[in-house]
Protein chains: 2
Amino acid sequence: MRSAATGTSGNVTEKELSDLRELAMQLRVESVRCTEVAGSGHPTSSLSAADLMAVLLVRYLQYDFTDPGNPENDHLIFSKGHASPLLYAMLEAAGAISDDELATYRALGSRLEGHPTPWLPGVDVATGSLGQGLPIGVGLALTGKLLDRLPYRTWVLCGDSELAEGSMWEAFEHAGYEGLDKLTAIVDVNRLGQRGPTRYGWNTEEFVARIAAHGWHTIEIDGHDLEQIDHAYAEATAADKPAAILARTIKGAGVSEVADQEGKHGKPLKDTERAIAELGGDGKVTIEVRKPSYLAPPHQFGELQTYTPPEYSKGDDVATRTAFGEALVELARARPHVVGLDAELGDSTRMQYFGKEHPARFFQFYIAEQQMVAAAVGMQVRGWLPYLATFASFFSRAYDFIRMAAIGRANMCLVGSHAGVSIGADGPSQMGLEDLAALRAVHGSTVLHPCDANQTAALLGEMADREGIQYLRTLRGESPVIYESGDEFVIGGSRVLRASDDDQVTLLAAGVTVHEALAAADALENDGIATRVVDLYSIKPMDAFTVRQAAQDTGCLVTIEDHWPEGGLGDAVLDIVARDMPAMVLKLAVRDMPGSATPAEQLQSAGIDRTSIAAAVRSYMSERAVSG
Amino acid sequence: MRSAATGTSGNVTEKELSDLRELAMQLRVESVRCTEVAGSGHPTSSLSAADLMAVLLVRYLQYDFTDPGNPENDHLIFSKGHASPLLYAMLEAAGAISDDELATYRALGSRLEGHPTPWLPGVDVATGSLGQGLPIGVGLALTGKLLDRLPYRTWVLCGDSELAEGSMWEAFEHAGYEGLDKLTAIVDVNRLGQRGPTRYGWNTEEFVARIAAHGWHTIEIDGHDLEQIDHAYAEATAADKPAAILARTIKGAGVSEVADQEGKHGKPLKDTERAIAELGGDGKVTIEVRKPSYLAPPHQFGELQTYTPPEYSKGDDVATRTAFGEALVELARARPHVVGLDAELGDSTRMQYFGKEHPARFFQFYIAEQQMVAAAVGMQVRGWLPYLATFASFFSRAYDFIRMAAIGRANMCLVGSHAGVSIGADGPSQMGLEDLAALRAVHGSTVLHPCDANQTAALLGEMADREGIQYLRTLRGESPVIYESGDEFVIGGSRVLRASDDDQVTLLAAGVTVHEALAAADALENDGIATRVVDLYSIKPMDAFTVRQAAQDTGCLVTIEDHWPEGGLGDAVLDIVARDMPAMVLKLAVRDMPGSATPAEQLQSAGIDRTSIAAAVRSYMSERAVSG
């Protein structure tokens, strides 16, 4: 447990106050200076929170900067990521970065980016899209309480403007419900957003009423009164629930050129030297941040075991979502760091199988996809490997969180079920038809779309050993098992399902369209058109060699996808053949807005069923015969 | 104003109660029957809200089903869109659809889709992604209060599960703050979500505490007690703020096979006939819904005027975001139905210019992008044309709302500024690098990316006359004006900026890369490489004719985009040449994760600046010389 020295009583000596005051001024000076050197940045948003952070750094944060990997370290998240100058000034005061490095703020190649990214000791995640830091903090606090079972604290510096984001209220709700007493939100209520006053200005009672309703302990203070700040932290750490400190501050505090004025957001000061003089001039306070010292042993993951995927018999009908659910149960037996996250669709996505077998590693977020993804970001900071499932369509709700997770180089496995028109009668609101485009356009992402149960189970294991944002697209409907259990499927690979030396055309498919393509190839063979069929289950990265070989061999590639024409399988194939164009490419995809209908009717209406594929090929062959 | 008959006192006669009971049972019977015929759907979620809707339909809703376009009609939104059987049963009881049509529920070609879409009288928007109906309702109520200035009411039927979505809390917050007293949220607290119990079950006091904190009037009732329901509506309509009715109900109410049981979500009943018998058998109640009758005249839009775009002088440096802001001011003078929506970035996006000139049509949503897009959906229902601006990156926060708006065939113009690495030092969290991919993959969308101020101003006017989801991508940095004021730019067009009969290569660019491409072409000409340059400002739809012509003429297309390689300009070009491959395509795009740096350094690091473009072309030409 925490050493007795923590959670100080709130009694600060005059000397301590004076030192804190000096540190706070230094944090301000450094914030002002580094934004001037950079020629851009947010000094005024840093100035407002300097006192709050000075007290935290000296008296409450527990962090071993000589060992940032120490599992007992606290976590500090700047949800208001634009206050990065303040964060970097703190790191400098703590000796974690040098003066010289601080001067590289926002320069090409510097670790000190305009908004924080996790290249620095004490920075775990990327922020800069407002409303994300607190939900990520909820993920860390959940991990500390329920997975790591360590008493580290999570401190989140929030802006007042970002309290307008719904994701913040998902976070307040989830943390309050889960009683995350090691989580503290420090809200820098500086009254001014980017373009003018916030909705409630300094009326912190408005925030208090709302936040307290979600089960939090709330504290209102003057955010420039060091003793009030100290008392607030002491009270927050003593509370038996998450605590929010609503600190009334002045944007640009300490510098008369900008203090409490509109139109001063996100700009260096005009007269930096005068501002620094006003702040008391350069200081050289260095402090020793308290190191964590617990009696409890740190969490240790169990040993990795060999993953034994469930086995499915060829010819059986199994939905890939079901194979995912069953395989995840097995994967989690072999990988003790796998956790499962649900947004109240576990019965449909089959995440519920995991919940039943591994309840201690299962997390229910109800219908709050943003909080689910943010929590995953927090969990993976601590070495856990999150698998998150919802409908493919509903990851669009958390797209900004996925984008930011990629910027923070987070590792997580997203599993989107009910993709495409093949879901049938529920209609377009439930169909993931843009998921491949959206997830392909995430930096460093992996996008997989298996067509059978054994392939799904095999790929799930491959994902566990890979980094970055990974996306597995599964299907609602059953489809025949076409691969043997034990078949290997590597990410970046493909599977040639039919091929001959006489192939005149290649069908490139994934998921449900693989089965349609196989049936179409049968029909075309009866017409004397030898047809190659390739299962491109790995949409990103894609097996360029096999695609190019097929292009050279057959001169015609037909891509078939249960997805809009933009940004999916077809575009990925085109990207491969773009440079030398060894073949023409015909893209079959969903072009009209679907309504309700049976799965078979939907595939037919979209022109991606077996009959439509065969017809498209025949039409192409007769064109070629005429022109050739 | 409302006729005195509305906002009834809550005194219901025995006869009226008996009629209401009969209607409620009929709504249940029809819900059960149509899901049985369809073989899918959500009867239990419909049964719970039948009493609530029966009382609303008979005694409170004001809607002229003989004239769905009547501007005085109330609005009813099923935020819990899966209860569509109940909605359709209501329409049948009101005589708006026939028995026969009700039997087409979820069938191919039917207007009665699995989740509501706006093909039906009384249905204005698409729902089915939970958490969207209430924020859309906020948009309608805002419109009634501040734009139309008509006293129509907006009624939103919500589920209890969807209260977990942050977007609902953006809606509660915005409506409470704006005092939208004509908005009523009816929350069907049936205690069971899709996969099991909700977080708070029937503890409606938990919801009340939270919702009331956001400035709403709240009412807790037994949602099956017709008199309590009637009293609640009377109280809600009399309240001087938005009202939420928290109605405790039983999922599957009235049918013992499923009532209050887990595992009964989204499935037809097993024994429909028995259920119908238990519900009292088929009824044939038809009702006459009260028609609106106001004394106030309906809102009339002013006459359309000719749009006179602002003029910029060739050679001046102007940011396209600035041209957007200035042009929108002018457009709004000519088009009285244009409204402007901001999410607290108006100073950066330049939406603030509109706010200053047209304050009565300007709406501030603070940092709540989901609510902003949802409000736009509501506004366009009433004939207003919303222009919404935020950073290109932050539309990702509302991607699910944009997706759903397209399903509902909504018309709106999204304007995303600060796109791409060219923003410079703020870093990747602020750069829209996936926006083209995401917005291209929206059904029926238009995606535009101008490179100069006159082009921006011209395109803004074109957008005003077009339907669907439109996206205009603008830039932070200044760039030289290269077009004359008065030049015409059609959507689906392009502009050939350099061309000769000897062109050996074509550079295809948009936005900032147009200027880089022009400079690269100068350098290449010095090397004796004649280079065509095309400004592909219309990314969707794209000018296929000009692209194909360039492919045929030059044999080599180089696409250059300040965007990830996936799903953007390059993929759109590839889609055009896929079928006959008249040229090779070289895609230049942002491939590595940027950090902070100056705009010029960013473009160079990404390999999309003038030097990199010229180098890529030279490299290609020498390859071609060797191989050819």
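Just so we're clear, the structure is a prediction, and the values are computed from it rather than from any experiment. In what follows, chains carry the letters A, B, and so on, assigned in the order in which the sequence lines appear, proteins first and then strands, with residues in each chain numbered from 1.
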**Residue B:A583 versus chain A: region with a heavy atom under 4.5 Å** = backbone
**Prompt:** What's the spacing between A:I402 CD1 and B:S396 OG if we round to 0.5 Å?
**Reply:** 9.5 Å
**Complete:** Heaviest contributor of heavy-atom pairs below 4.5 Å to chain A, chosen from B:V577, B:T198, B:L436, B:V573, is B:T198
**Fill in**
Of all heavy-atom pairs linking B:P594 and A:E113, the shortest is O-OE1, 4.4 Å
**Fill in**
Per-residue tally against chain B (heavy atom, under 4.5 Å) across A:S393, A:S40, A:S110 peaks at A:S393
**Message:** Can you tell me how far apart CH2 (B:W169) and CE (A:M168) are? Round to the nearest 0.5 Å.
**Reply:** 15.5 Å
**Prompt:** Is there side-chain contact between A:L586 and B:R579, with at least one heavy-atom pair below 4.5 Å?
**Reply:** yes
**Request:** Could you tell me whether A:D347 and B:R195 make a salt bridge, using a distance below 4.0 angstrom between a side-chain N and a carboxylate O?
**Result:** no
**Item:** chain A contacts, top residue of B:Y177, B:W564, B:W119 (heavy-atom pairs, under 4.5 Å)
**Value:** B:Y177
**Message:** Which atoms of B:M372 are under 4.5 Å from chain A, going by heavy atoms: the side chain, the backbone, both sets, or neither?
**Reply:** neither
**Winner by heavy-atom pair count (cut-off under 4.5 Å) against chain A, out of B:H563, B:R111, B:E162, B:H174** = B:H174
**Prompt:** So what's closer than 4.5 Å to chain B heavy atoms on A:E262: side chain, backbone, both or neither?
**Reply:** neither
**Prompt:** Which of the residues A:Q602, A:R409, A:R403, A:E170 is involved in the greatest number of heavy-atom pairs with chain B at under 4.5 angstrom?
**Reply:** A:R403
**Asked** Counting only N and O atoms by type, is there a donor-acceptor contact under 3.5 Å from the side chain of A:E165 to the main-chain atoms of B:A368?
**Response** no
**Message:** As an exercise, state the distance from CG of A:L130 to CZ of B:R397, rounded to the nearest 0.5 Å.
**Reply:** 8.0 Å
**Item:** Partner chain B: residue of A:E206, A:H82, A:M584, A:R106 with the largest heavy-atom pair count (under 4.5 Å)
**Value:** A:R106
**Asked** Of the backbone (N, CA, C, O) and the side chain (C-beta and beyond), which part of B:F401 lies under 4.5 Å from a heavy atom of chain A, both, or neither?
**Response** side chain
**Which of A:G424, A:A437, A:P428 touches chain B most, by non-hydrogen pairs under 4.5 Å** = A:P428
**Message:** For a quick test of reading the model, state the closest non-hydrogen atom pair linking B:D575 to A:K587 and the distance between them.
**Reply:** OD1-NZ, 2.7 Å
**Request:** Look at the aromatic rings of A:Y399 and B:Y399 and report parallel, tilted or perpendicular, splitting at 30° and 60°.
**Result:** tilted
**Asked** When rounded to the nearest 0.5 angstrom, what is the spacing between CG in A:D400 and CD in B:E369?
**Response** 7.5 Å
**Request:** Would you mind telling me which of B:P565, B:A438, B:S348, B:A38 has the largest number of heavy-atom pairs within less than 4.5 Å of chain A?
**Result:** B:S348
**Message:** With a 4.0 Å cut-off on N to O distance, would you call A:R199 and B:E344 a salt bridge?
**Reply:** no
**Item:** Contact check, side chains of A:I407 and B:M593, non-hydrogen atoms, under 4.5 Å
**Value:** yes
**Message:** Distance check, rounded to the nearest 0.5 Å: B:E434 atom CD versus A:R440 atom CZ?
**Reply:** 13.5 Å
**Asked** Does the side chain of B:L108 come within less than 4.5 Å of A:S605's, by heavy atoms?
**Response** yes
**Heavy-atom contact with chain B under 4.5 Å, split by part of A:F172** = neither
**Asked** Under the 3.5 angstrom rule, does the side chain of A:H115 hit a backbone N or O of B:G427 as a donor-acceptor pair?
**Response** no
**Request:** Tell me, out of A:A597, A:G41, A:G568, who's got the most heavy-atom pairs with chain B below 4.5 Å.
**Result:** A:A597
**Prompt:** Looking at side-chain heavy atoms only, is the closest gap between A:F394 and B:S129 below 4.5 Å?
**Reply:** yes
**Prompt:** Rounded to the nearest 0.5 Å, what separation is found between the OG atom of A:S167 and the CD atom of B:Q370?
**Reply:** 7.5 Å
**Item:** Heavy-atom closest contact (B:Y366 atom, A:A164 atom, distance)
**Value:** CB-CB, 3.9 Å
**Fill in**
Turns out that what part of A:R591 lies under 4.5 Å from chain B's heavy atoms comes down to backbone
**A:V590 versus chain B, the contacting section by heavy-atom distance below 4.5 Å** = neither
**Message:** Using heavy-atom distances under 4.5 Å, tell me whether B:P197 contacts chain A through its side chain, its backbone, both, or neither.
**Reply:** backbone
**Prompt:** Which bit of A:Y200 comes within less than 4.5 Å of chain B, counting heavy atoms only: side chain, backbone, both or neither?
**Reply:** side chain
**Request:** Heavy-atom pairs under 4.5 Å with chain A are the metric here; pick the option from B:M404, B:E601, B:H214 that has the most.
**Result:** B:H214
**Message:** Counting heavy-atom pairs under 4.5 Å with chain B, which one of A:Q371, A:H42, A:K540, A:Q352 comes out on top?
**Reply:** A:K540
**Message:** Between A:M351 and chain B, with a heavy-atom cut-off of 4.5 Å, which part of the residue counts as in contact: side chain, backbone, both or neither?
**Reply:** neither
